S.K.: 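The structure's right below; bear with me while I get my questions together.
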Amino acid sequence: MELDNYEKLYRSMFEKTNGFVLNWPIGRTVDLGNFFTIKPGNLSVVGKVSDKNMEMIYFDPYENDDINFSVPSAEPDKKERARIGKSVPPDYLWKLKDGCVNDYVGDKILHTHKHKIKPPQVKQFVTRLENPSSFFFAGKNVKYKRVLDFYKVHQRIIRRLATQFFNYNEIYLITEVAEMDQFSLGVSRGNEAELVMSPEEYFNGDILELVNTDYPVTVEKADRFQYLKIREKEMVGSIAFKALKMSLSMKAKEAVVRKIYDSQDSEVRANAVELINNDLNNVIPSIEINSSNASDFFEWGPMGLEDLEVFLGK
């Protein structure tokens with residue numbers, strides 16, 4: 001799947017749900033504690049924290065054995081679950097749409113008889129997505145899981161990731177997942193994508209309400225859709241996530257900037273501005289990073305909109 005038609009969906013979901021991202025390809029589940037890297041059009045999982053016993057498992061391409069170490073459980077107790085429940089996005093935030101217009105086709109829209117109005121005999125419920133990348137998304141029975149007490153192990157994870165196992169300068173850790181019993185998603189491929197459904201009874205609601213319930217309906221026509229799933233129950237579970245990003249710390253960035261300006265190398269000094277404005281990661285010699293000082297070079301922060309834009313290829 002190409003990402004071009006999904007940009008509006010990803011940005012809208014990220015902003016409306018305060019940082020949740022659909023996994024890619026859409027419908028593929030992720031685990032709480034997965035580590036991944038980001039490239040344009042690609043989310044690549046390279047390690048995980050298992051839900052069962054919360055052991056850190058690194059996928060090392062040069063070793064046959066997995067490397068494990070234990071970290072606190074991600075399964076909250078009743079008290080913690082209640083506290084988390086107060087701060088998670090409510091279900092209505094998982095109802096998103098852009099450029100969707102609903103219409104009804106029936107024998108009689110209104111029938112008056114002795115000052116009484118009978119429901120219209122609607123035969124078809126029509127949804128038109130007016131523009132490329134227009135979409136609708138609805139998730140049902142959304143539940144959340146989080147990694148707890150991450151602060152207790154955040155430096156330990158940095159030491160492992162930055163030195164012993166990986167040479168990645170930026171890596172992401174999934175610390176919260178949104179699980180769904182079902183979802184519906186339509187993304188238009190071109191202008192005027194059209195979805196025609198036949199409800200068994202009169203329905204005068206919105207497309208998001210129709211596809212987020214068990215109201216009897218039959219899909220009659222679907223045209224010009226890049227992606228379409230109605231009440232999908234097979235590809236469900238943890239299909240959306242929040243993540244923390246491990247990147248260069250402010251202290252490390254300041255140190256690198258000072259080194260650049262203090263350098264006796266004329267070429268380095270001549271290109272100082274370009275080096276600072278681009279990738280400082282490549283300036284730090286890997287030999288300087290070890291298990292004792294890795295926490296000085298790297299820190300954790302939330303995955304932001306700029307990281308999403310990298311994934312979208314912008």
Side-chain angles (χ1 to χ4, degrees), residues 1-17 19-51 57 59 61 94-100 129 131-145 168 170-190 193 195 208 211-212 219 222-245 303-314:
M1 292 188 292
E2 295 295 330
L3 270 171
D4 291 347
N5 289 316
Y6 297 88
E7 294 178 6
K8 289 182 180 179
L9 168 65
Y10 271 86
R11 292 190 185 103
S12 179
M13 179 174 292
F14 189 90
E15 293 171 358
K16 190 170 183 180
T17 62
F20 273 96
V21 179
L22 278 179
N23 195 21
W24 185 262
I26 292 173
R28 178 181 295 176
T29 59
V30 290
D31 293 328
L32 190 70
N34 278 159
F35 288 101
F36 64 93
T37 57
I38 290 180
K39 292 181 180 179
N42 182 263
L43 298 175
S44 180
V45 175
V46 293
K48 68 174 290 187
V49 177
S50 65
D51 287 336
I57 303 173
F59 307 145
W94 293 95
K95 296 179 180 180
L96 305 95
K97 65 178 182 177
D98 179 271
C100 295
L129 280 65
N131 306 304
S133 303
S134 293
F135 68 88
F136 62 83
F137 179 92
K140 185 177 181 181
N141 296 332
V142 183
K143 303 177 181 66
Y144 304 90
K145 290 178 64 178
Y168 300 130
E170 292 184 348
I171 196 164
Y172 301 79
L173 167 66
I174 294 177
T175 54
E176 186 171 353
V177 293
E179 298 181 345
M180 305 177 191
D181 290 346
Q182 74 176 34
F183 73 92
S184 297
L185 171 61
V187 180
S188 63
R189 183 174 63 242
L195 174 65
L208 299 179
V211 298
N212 203 39
V219 176
D223 190 26
R224 295 186 292 276
F225 277 89
Q226 182 73 26
Y227 187 97
L228 181 63
K229 294 288 182 181
I230 302 296
R231 298 175 181 175
E232 174 62 50
K233 294 183 178 180
E234 294 182 2
M235 297 190 303
V236 293
S238 306
I239 63 170
F241 65 87
K242 279 187 177 182
L244 291 177
K245 173 184 178 182
M303 178 180 173
L305 186 59
E306 68 277 9
D307 302 297
L308 179 65
E309 294 297 331
V310 171
F311 167 60
L312 294 175
K314 301 301 177 183

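Every value quoted in this text rests on a predicted model; they were computed, and no experiment measured them.
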S.K.: Look at the aromatic rings of F20 and W94 and report parallel, tilted or perpendicular, splitting at 30° and 60°.
M.R.: perpendicular
S.K.: Could you work out, with side chain to side chain donor-acceptor pair (under 3.5 Å) as the rule, every residue matching Q182, not counting sequence neighbours?
M.R.: none
S.K.: Step through it carefully: locate the ring centre of F36, locate the ring centre of F241, and say whether they are under 6.0 Å apart.
M.R.: yes
S.K.: V219: what forms a side chain to side chain contact (heavy atoms under 4.5 Å, CB included) with it, not counting sequence neighbours?
M.R.: L195, M197, I230
S.K.: Please lay out, stage by stage, how F136 and L129 fare under the test side chain to side chain contact (heavy atoms under 4.5 Å, CB included).
M.R.: CA-CA 9 Å; F136 62 83; L129 280 65; 4.3 Å; yes
S.K.: Would you name the heavy atoms of E179 and S238 that are closest together and state the gap between them?
M.R.: CG-OG, 3.2 Å
S.K.: Should E15 and R11 count as an ion pair when the cut-off is N to O under 4.0 Å?
M.R.: no
S.K.: Going by the rule side chain to side chain donor-acceptor pair (under 3.5 Å), which residues pair with K97 if we only count those two or more places apart in sequence or in a different chain?
M.R.: D206
S.K.: Can any side-chain N or O of S188 pair as donor or acceptor with the backbone N or O of S133 at less than 3.5 Å?
M.R.: yes
S.K.: How about NZ on K143, more than 12 heavy atoms from neighbouring residues, nucleotides or ligands closer than 6.0 Å, or not?
M.R.: yes
S.K.: Examine distances only and state if a side-chain atom of N23 and a backbone atom of R28 form a donor-acceptor pair shorter than 3.5 Å.
M.R.: yes
S.K.: Just wondering, are more than 12 heavy atoms of other shown residues or ligands nearer than 6.0 Å to CD in E306?
M.R.: yes
